[in-house]
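Because only heavy atoms are used, hydrogens play no part in the values below, and waters and symmetry mates are left out as well, while side chains stay in. Below, chain A is the first sequence line, B the second, and so on; all start at residue 1.
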Amino acid sequence: MTPQLWQVEPEGGIFLPQIGWHLDSRFPKARSFVSHAHFDHMARHRVILCSDRTRRLMARRLPGNSEIISLPFGQMHRLDDGTEIKLHPAGHILGSAQLAAKNHHGSFLYTGDFKLRPGLSAETCVTPHADTLVMETTYGVPRYEFPPFEEVAAGIRKFCYETLSDKATPVLFGYSLGKSQEILSALKEARVPIMLHPQVEKMTRVYEECGFEFPLYGRFDEAYLTGHVVICPPQSTKSTWFQNLRRKRTATITGWGLDSSTRYRSGCDAVFPLSDHADYNDLLRFVERVNPSRVYTVHGFAQEFSQTLRTRGIEAWALGKDNQLELKLN
DNA sequence: GCGATCAGCT
DNA sequence: CACAGCTGATCGC
């Protein structure tokens, strides 16, 4: 008799019925793995499994009284049912983890959000073998092929230099956790004065506590933004300090920047395609390295990418398509 | 006057 | 398309 592979069910995220754990559930559950500290992957579960660094970030963003099992990367841990698990770096943001598990159903890997290319502000992604793979496929169609980081970083620096020399203030939009620190890293040798939005600074401090180094930046002061490169969340366009700021030039930093519509949609003067997700080729490369016998895809172009895998002879299923229904029922 | 919580809005 | 979560209002202290 062939042993049954891992079962994977969509349910407010992902559910593994054979071991009773959720993965990145957005709603509070009895037990859930939290792959990283972005808000749409966290909730106040009774028991949380996460990396040490995600624990630190969570403590700053969503304090609660969950029981937390936090592990350093690579350390083996045995769940109550005997399943052996390990967390591996996913390369998405600080602390982002993949969950590798092994029991009588074979080996299992959940990527969480991941990026194969080494970044300047995240651990480097690894690709362990697994029989059953659940992977994130945000950019799972061929048109998403990101340019080299250095090329994009140089573009951001040029934008800042030109704006400053025109006596205007460059405002760079990126999420407070992850993207902002990657932008900061891109400015490492730019030698420009920088101010971080309070939310961005709060997250950056955790990176520094973990040993990451960034260029100098000043404390955010609405009265003294002029002459600084300002790094802030996209929603800042609604805030009064932004509306009061004269002579500014704005740029949004996002992987969706590869779409020509993004510049118009964002209302910014410039768009730079910097992402903390894998692009299409890296998604394919990842599957090749993990060499799974069955794949479940979640997020973004999940159906398109699972179709791509099937044409290459790999059993693949799109999982995330019931999420909208799930949200409506709640 | 402050943090916590929530609706609103991308 | 959608990567994720900020702003501002109000409530409780």
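The CZ atom of A:Phe305 sits 16 Å away from the P atom of C:dC3 (whole-angstrom rounding). Nucleotide C:dC1 holds its P atom 14 Å from the OH atom of A:Tyr139, rounded to whole Å. Distance, A:Trp256 CH2 to C:dC1 P: 10 Å, rounded to whole Å. Rounded to whole Å, the distance from CG on A:Asp279 to C1' on C:dC3 is 14 Å. Rounded to whole Å, atom C1' of B:dG3 lies 11 Å from atom NZ of A:Lys202. Look at CG on A:Asn65: it is 14 Å from P on B:dA4, rounded to the nearest Å.
Scored by the side-chain contact (heavy atoms from CB on, under 4.5 Å) test, A:Pro89 finds A:Phe73, A:Glu123, A:Val126 as partners (sequence neighbours excluded). Applying the ring-ring contact (aromatic ring centres under 6.0 Å, His included) rule to A:Phe173 yields the partners A:Phe242; only residues at least two apart in sequence or on another chain are considered. Residues satisfying the side chain to side chain donor-acceptor pair (under 3.5 Å) test with A:Ser32, not counting sequence neighbours, are none.
A donor and an acceptor atom never sit less than 3.5 Å apart when one is taken from the side chain of A:Ser275 and the other from the base of C:dC3.
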So if I define the base as every atom that isn't primed, P, OP1 or OP2, how would nucleotides 4-13 of chain C read as a B/S/- string at a heavy-atom cutoff under 4.0 Å? BBSSS-----
For residues 215-222 of chain A, dump all side-chain donor-acceptor pairs below 3.5 Å to protein atoms at least two apart in sequence or in another chain.
{"unit_1": "A:Tyr217", "atom_1": "OH", "unit_2": "A:Arg205", "atom_2": "NH1", "d": "3.0"}
{"unit_1": "A:Tyr217", "atom_1": "OH", "unit_2": "A:Glu208", "atom_2": "OE1", "d": "3.1"}
{"unit_1": "A:Tyr217", "atom_1": "OH", "unit_2": "A:Glu208", "atom_2": "OE2", "d": "3.1"}
{"unit_1": "A:Asp221", "atom_1": "OD1", "unit_2": "A:Ala223", "atom_2": "N", "d": "3.0"}

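The side chain to side chain donor-acceptor pair (under 3.5 Å) pairs that include a residue from residues 163-174 of chain A are A:Asp166-A:Arg249, where partners are two or more places apart or lie in different chains.
Within 4.0 Å (heavy atoms only), A:Tyr144 reaches at least one base atom of the nucleic acid.
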Please step through salt bridge (Lys or Arg N to Asp or Glu O under 4.0 Å) for the pair A:Arg31 and A:Glu67, ending with a clear verdict. CA-CA 9 Å; A:Arg31 289 180 293 272; A:Glu67 177 190 328; over 6 Å; no
